[in-house]
Q: 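If you scroll down you'll find the structure; I have some questions about it.
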Amino acid sequence: MSAADEETALLGLAPVAPDRTVAYGPHPDQVVDLYGPRPGGGAGSDGGAGSDGGAGADGGAGAGASGPLVVLLHGGFWRAAYDRRHLSPLAAALAGQGLPVALAEYRRVGGGGGAPRTFEDVAAAVEAAAVGRRREVVLVGHSAGGHLALLAAARPGTPVRRVIAVSPVADLARAHELGLSGGAVAELLGPGPGFAARLAAADPVRRPPAGVPVTILHGTDDPDVPLDLSRRYAAASPATTTLRELPGVGHYAPVTPGTTGFAALLSLLRPPRST
């Protein structure tokens with residue numbers, strides 16, 4: 001499947017409504033969608049998408065299921081043009097495998113976000129999703145969401161116990177040098193004095209999460225986020241990072257249900273079956 005076909009395959013999927021949505025702040029983008037485990041089926045099968053002022057994806061999204069609480073962070077180079085809906089089929093597919101899922105939204109560039117608000121929102125969303133948790137919290141981020149996952153896991157006191165970063169913008173300085181997506185890093189961090197300091201503070205390569213193991217999934221044929229960024233991150237923190245390169249895979253397949261890339265992601269999330 002070509003890179004263009006991968007993008008079409010994911011973005012062509014119909015969004016899947018959550019079981020409920022919880023707010024962690026007053027802005028419309030400060031919300032988390034919860035998908036309860038549905039072993040053998042999809043999320044939201046009761047047709048009950050709704051809104052709830054409380055939080056706690058662990059108890060509210062199927063406390064009886066095995067496996068971790070999966071908190072998902074979407075990508076889109078941190079821009080408001082891209083929201084969480086394109087990862088809702090992934091959230092539903094994981095819930096269909098018996099995993100409770102929290103799909104987080106956050107303020108983005110062009111919609112009230114950018115540094116540091118975007119980073120603060122992600123940290124708050126993770127905390128809200130993990131309220132009342134009775135299971136391991138695994139943070140899964142794709143592309144720019146992978147960058148945000150690595151940063152959030154490095155915050156002191158984080159509830160995150162593992163990170164799976166899929167095609168992440170893992171080396172922010174290198175991404176800026178390459179001008180990825182028309183200068184998206186510069187847009188995220190904003191102009192003016194102190195840019196170098198803001199870049200250093202937001203670069204996962206310089207802030208590896210202490211004591212939180214990281215697994216990176218990255219396709220060798222990714223045209224949007226070069227594999228070299230993940231290799232550089234893994235080389236900078238070899239003690240805590242495992243890099244799995246997916247031969248012939250592009251940018252979107254690992255977060256598209258039904259692909260071999262998705263199977264690789266699922267294998268990292270599902271607990272081994274007892275014999």
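Throughout, numbering of the chain's residues begins at 1 and tracks the sequence.
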Q: Are Phe119 and Tyr24 linked, directly or through other ILVMFWY residues, by side chains that come within less than 4.5 angstrom of each other?
A: yes

Q: Under 4.5 Å between side-chain heavy atoms, counting indirect links through other Ile/Leu/Val/Met/Phe/Trp/Tyr residues: same cluster for Val212 and Leu148 or not?
A: yes

Q: Are Pro168 and Val225 side-chain neighbours, meaning at least one heavy-atom pair lies under 4.5 Å?
A: no

Q: Tell me whether Leu269 is reachable from Leu90 by hopping between hydrophobic residues (I, L, V, M, F, W, Y) whose side-chain heavy atoms are closer than 4.5 Å.
A: yes

Q: Out of curiosity, Asp228 CG to Asp222 CG, how far, rounded to the nearest 0.5 Å?
A: 12.0 Å

Q: When you measure from the side chain of Thr118 to the backbone N and O of Arg107, does any donor-acceptor pair fall under 3.5 Å?
A: yes

Q: Which atom pair, heavy atoms only, marks the closest approach of Ala170 to Ser230?
A: CB-CA, 4.4 Å

Q: Thinking salt bridges, do Glu120 and Arg117 make one under a 4.0 Å N-O criterion?
A: no

Q: Calculate, to the nearest 0.5 Å, the distance between atoms CG and CG belonging to Leu217 and Leu243 respectively.
A: 8.5 Å

Q: Are the side chains of Leu266 and Leu94 in contact, using a 4.5 Å heavy-atom criterion?
A: yes

Q: Given side chain to side chain contact (heavy atoms under 4.5 Å, CB included), test Asp121 with His27 step by step and report yes or no.
A: CA-CA 10 Å; Asp121 278 6; His27 193 277; 5.9 Å; no

Q: Step by step, work out the side chain to side chain contact (heavy atoms under 4.5 Å, CB included) result for Arg231 and Glu245.
A: CA-CA 9 Å; Arg231 288 175 173 170; Glu245 299 184 11; 2.8 Å; yes

Q: Just verifying a value: how many Å separate Leu189 CG and Arg198 CZ, rounded to the nearest 0.5 Å?
A: 6.5 Å

Q: Mind running side chain to side chain contact (heavy atoms under 4.5 Å, CB included) on Leu103 and Leu72 for me, showing each step along the way?
A: CA-CA 5 Å; Leu103 175 57; Leu72 286 180; 3.7 Å; yes

Q: Any chance CZ of Arg85 has more than 12 other-residue heavy atoms, nucleotides or ligands included, within less than 6.0 Å?
A: no

Q: Is the closest side-chain heavy-atom distance between Arg206 and Leu172 below 4.5 Å?
A: no

Q: Are any of the side-chain heavy atoms of Arg135 and Leu99 separated by less than 4.5 Å?
A: no

Q: Do Glu6 and Val249 make a side-chain contact, defined as non-hydrogen atoms from C-beta onward lying under 4.5 Å apart?
A: yes

Q: Evaluate the side chain to side chain contact (heavy atoms under 4.5 Å, CB included) criterion for residues His74 and Tyr106: first the C-alpha distance (whole Å), next the side-chain angles of each, then the deciding distance (0.1 Å), finally the verdict.
A: CA-CA 9 Å; His74 71 85; Tyr106 49 89; 3.5 Å; yes

Q: Do any N or O atoms from the side chain of Arg207 and from the backbone of Leu151 form a donor-acceptor pair under 3.5 angstrom?
A: no

Q: Where do Ser143 and Gly75 come nearest, in terms of heavy atoms and distance?
A: CB-CA, 4.3 Å

Q: Keeping Thr220 on the side-chain end and Gly248 on the backbone end, is there a donor-acceptor pair under 3.5 Å?
A: yes

Q: Hey, are the side chains of Arg162 and Thr215 touching, using non-hydrogen atoms and a 4.5 Å cut-off?
A: no

Q: What I want to find out is whether Glu136 reaches Arg161 closely enough, with some N-O distance under 4.0 Å, to be called a salt bridge.
A: no

Q: For Val205, does its backbone N or O pair with a side-chain atom of Asp171 as donor and acceptor, under 3.5 Å?
A: no

Q: When rounded to the nearest 0.5 angstrom, what is the spacing between CG in Leu188 and CZ in Arg108?
A: 12.5 Å

Q: Between His147 and Trp78, what is the ring plane arrangement, given parallel below 30°, perpendicular above 60°, and tilted in between?
A: perpendicular

Q: Can you tell me how far the CG atom of Leu139 sits from the CD1 atom of Ile164, to the nearest 0.5 Å?
A: 9.5 Å

Q: Between the side chain of Asp224 and the main-chain N/O of His251, is any donor-acceptor distance below 3.5 Å?
A: no

Q: Might you point out which heavy atoms bring Leu13 and Pro257 nearest each other, and give the distance in Å?
A: CD1-CD, 4.1 Å

Q: Do Leu227 and Leu178 share a hydrophobic cluster (ILVMFWY, side-chain heavy atoms under 4.5 Å, transitive)?
A: no

Q: For Ala153 versus Thr158, what's the shortest heavy-atom pair and its separation?
A: O-CG2, 3.4 Å

Q: Write down the atom of Tyr233, the atom of Pro209, and the distance for their closest heavy-atom approach.
A: OH-CD, 3.2 Å

Q: With rounding to the nearest 0.5 Å, note down the distance linking OG1 in Thr241 to CG in Leu150.
A: 8.0 Å

Q: Under the side chain to side chain donor-acceptor pair (under 3.5 Å) definition, can you give me all pairs with a residue in residues 252-268, not counting sequence neighbours?
A: none

Q: Taking the side chain as every heavy atom from C-beta outward, state whether Val255 and His86 have any pair of such atoms under 4.5 Å apart.
A: no

Q: Leu180 versus Leu229: any side-chain heavy-atom pair under 4.5 Å?
A: yes

Q: Are Val31 and Tyr35 grouped together when hydrophobic residues (ILVMFWY) are joined by side-chain heavy atoms under 4.5 angstrom apart?
A: no

Q: Any idea which heavy atoms bring Ala102 and Val32 closest together, and the distance?
A: CB-CG1, 3.6 Å

Q: Does Phe262 CZ have over 12 foreign heavy atoms under 6.0 Å away?
A: yes

